[in-house]
4 protein chains.
Amino acid sequence: MSEQSESGENGDLRRKILDTTRHLLVREGYQNLSMRKIADAIGYSATSIYLHFDGKDALLHALIHEGMMQLHEELEEAAEYAEDPVQCLRALCRQFIDFGLANPEYYEIMFQLRPERMERYPPEKYRQARSNLDFFGRVLEEGEEQGMFGIEDAKVSASTIWASLHGTVSLLLADRVDVSIERERFIETAIRQSIQGCRRPTVSS
Amino acid sequence: MSEQSESGENGDLRRKILDTTRHLLVREGYQNLSMRKIADAIGYSATSIYLHFDGKDALLHALIHEGMMQLHEELEEAAEYAEDPVQCLRALCRQFIDFGLANPEYYEIMFQLRPERMERYPPEKYRQARSNLDFFGRVLEEGEEQGMFGIEDAKVSASTIWASLHGTVSLLLADRVDVSIERERFIETAIRQSIQGCRRPTVSS
Amino acid sequence: MSEQSESGENGDLRRKILDTTRHLLVREGYQNLSMRKIADAIGYSATSIYLHFDGKDALLHALIHEGMMQLHEELEEAAEYAEDPVQCLRALCRQFIDFGLANPEYYEIMFQLRPERMERYPPEKYRQARSNLDFFGRVLEEGEEQGMFGIEDAKVSASTIWASLHGTVSLLLADRVDVSIERERFIETAIRQSIQGCRRPTVSS
Amino acid sequence: MSEQSESGENGDLRRKILDTTRHLLVREGYQNLSMRKIADAIGYSATSIYLHFDGKDALLHALIHEGMMQLHEELEEAAEYAEDPVQCLRALCRQFIDFGLANPEYYEIMFQLRPERMERYPPEKYRQARSNLDFFGRVLEEGEEQGMFGIEDAKVSASTIWASLHGTVSLLLADRVDVSIERERFIETAIRQSIQGCRRPTVSS
DNA sequence: GATGAATGAGCGTTCATTCAT
DNA sequence: AATGAATGAACGCTCATTCAT
């Protein structure tokens, strides 16, 4: 009642909106998200959202930004403690997948929206987003220099590995992986194959 | 009673609806698809669609079914002429990606819609859908038996390869691959790494 | 119940919408007109209006068109029975004012909306609208040839007379004329002065 | 407590609100005027406006009042230097039109809003507003006494002249005068005809 | 087999205004 | 004197769907 530090019930409506939107995203998906539903879920009028965000797009952009930042931090931390490029690549893959599975709401808006449907996501933010890919590019380059990989172009391979991880997360989130396959085993195999795919080939294919 | 409207190909409105919907899907995307737009595009009343389909979902289910059948045929044909498991796997990968890029309208509804949000896609159809995965499983099994691969479980690896291909197609369709990367090179690298990922590893990772 | 000639209660929803809109316009004004209010007033859902009109603009354009046609007919008829240009001009003035006062709803959307607010009124209709002005131009020209007027340019004078009549109608509709002035006398004076204004001046002013 | 925000002209927020509203009116029109836009434009919160005005209507009433005062002054000055009633009437007409064209923001709220729809514009202000009409009444009376005019009732003719001028300004502001007509010529003709309309008629009409 | 008429629910957004501080 | 937070009502419009014919 007296003071309102920084995480009191007061004032952080903006925070509440972001969190609620995240939860709704995971429960109902982007398509079924509406300003009214968000408002109802937080117990405020729809108008109130506009006090904190310029509109639906701005709200989602803010969420995407948060997701990108969080992913960035997680990848950074994962890369930090790795001893060699291979271990580092493995850690990055694992972290990316974990992030996607743990934050499906972020994942959907960050990676699964067709850009044509999310109008005008500021290009400057896209650049920042893509910086997450650089983690993979750097470690591939490094490993290549040390003769651990057999890739042609670190940038290209970073993208294909990303594609592989993205597919893995997408299928898991969509529950499209055969139920008879154990989740952890699927993930581990996907990672192993991704890394193995960068190895110097034993025979030409 | 006498004349059949003005359309030459008499009767098969159902066919027309499906085709038009496909075209609309590719032009406007799933989100902007509406029954009215379909009806306008075929020159019939919106009500007519309901004579042939129970609703929007049923219409999409039918389309998904068609897409699955077509993909099945294409994979079948691709596998047919391969000489050895590795070549066959390569052909399957290439065909899957080609299918996705050539039929973005199918691809989106087949693989990019969250099933929880597409009301009750009949499980029996899902089973059929999954049969497309068996192509990959079979060739992996075969190659494993011939000592060409070093995988633990063909079913699991089939899924991870599928994941990899799905990620590749998804990123390409969403235009999220760095523009500086040549499209064909990206695809070729993705396929090569997918196959290489199944090879017997040179060192344990 | 059996047959539905052409003015039955059935089918003429379009007509009903137009009429109701007209009434609402006069009761509440253009600013307070909304699709919902129209729908409520006719006892239909708002959606139904869109079955007959592309949108609010199209609905108003249709009304403007009707108004222009009606005014055109009335002016035409007024001009028909006049014996000489002066009588004709007088009849036209009288008819224009009568039309405005009798159809305030038409008058508002026809003449009192700032064009910037009524988006994209088709220019081809504007041309037709302006044709109403030609009645005045023609009679002024004719009278000038017969030496009855002392005007410089029929087109310019037609416009100034129109301005005069427009001001007269506007003030009356807005109830801005002093209550102590009898309505009919005001109108009569306005008309007389408008005509007198075109006479050959007695002294230069 | 110490510093007064950043604005130099301390205190007179009320003045600032009025001025800003005027500018917004001319830039965006009455329809697009909103309290929030005003607040944004002056750099204060929307709430602040309510400290100085009871609401949107009151704010507009204040503006109307100012406009009436300004018009009054201008007409007064115009009348002052005239040598005879005809010249005076001409000067008044010219000044009225000039005022309208130079202050479209004032003109719209002063003369083009239907009072019924502008809640309760205080009648005492209307009286004051009407005083502007008296300029015309007086000069007509005077001219009539001197035999220069042939009008029946100065008050009535003042109103009809006003109507004429009002129509002229309205059409010009709405850009409804044929583009082929030169603006100044249109104005001059309107004024000449207005005055000529009060002359003693050469023949009865 | 095909339609026209109709609708309830919902969309993102803006508005003038209030109230506690 | 000034504000930030909040709101209910309304806006034009689109949607998938139903029903009588």
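Just so it is clear, the values below take in all heavy atoms, side chains as well, and ignore hydrogens, waters and symmetry mates. The sequence lines fix the lettering, A, B, ..., with proteins before strands; numbering per chain opens at 1. This one's a predicted model, so the numbers in the text were calculated from it and none came from an experiment.
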Taking atom P of dA1(F) as reference, at what distance in whole Å does atom CZ of Arg14(D) sit?
-> 13 Å
Would you kindly give the OH-to-P distance between Tyr50(A) and dC11(E), to the nearest whole Å?
-> 11 Å
May I ask you to say whether Arg15(A) pairs ionically with Glu66(A), meaning some side-chain N is under 4.0 Å from a carboxylate O?
-> yes
More than 12 foreign heavy atoms under 6.0 Å from CG of Asp54(D): is that the case here?
-> no
Do you know which two heavy atoms are closest between Ala41(B) and Leu24(B), and how far apart they sit?
-> CB-CD1, 4.2 Å
dC15(E) -> Watson-Crick or G-U wobble partner, both distances under 3.5 Å, gives dG8(F)
Starting at the 5' end of DNA chain F, which residue's closest nucleotide do you reach first, Gly43(D) or Ala46(B)?
-> Gly43(D)
Closer than 4.0 Å, any side-chain N/O of His52(D) to the OP1 or OP2 of dA2(F)?
-> yes
Separation of atom CZ in Arg36(B) from atom P in dA6(E), rounded to whole Å = 15 Å
Nearest-nucleotide check on DNA chain F, Ser45(A) vs Lys37(C); residue mapping nearer the 5' end is Ser45(A)
Can you check the Asn32(C) CG to dA16(E) C1' distance for me, whole Å?
-> 14 Å
May I have the distance from Ile17(A) (atom CD1) to dG12(E) (atom P), rounded to whole angstrom?
-> 14 Å
Under 4.0 Å between a side-chain N/O of Ser48(A) and OP1 or OP2 of dA6(F), yes or no?
-> no
Would you tell me if any nitrogen or oxygen in the side chain of Ser34(B) comes within less than 4.0 Å of OP1 or OP2 on dA16(F)?
-> yes
Let me know the distance between CG of Leu33(A) and C1' of dG12(E), rounded to the nearest Å.
-> 12 Å
Salt-bridge criterion met for Asp19(D) and Arg22(D) (N-O under 4.0 Å) = yes
Checking side chain to side chain contact (heavy atoms under 4.5 Å, CB included) against Ile49(B), which of Arg36(B), Met35(B), Lys56(B) comes through?
-> Met35(B)
Nucleotide nearest Thr47(A) (side chain, heavy atoms from C-beta), chosen from dA9(F), dG4(E), dT3(F) | dA9(F)
Could you give the CG-to-P distance, from Leu51(B) to dA20(F), as a whole number of Å?
-> 15 Å
Checking dT17(E), dT3(E), dA16(F) against the side chain of Lys56(B) (C-beta onward), the nearest is dA16(F)
Whole-Å distance separating the CG atom of Leu24(D) from the P atom of dC15(E) | 12 Å
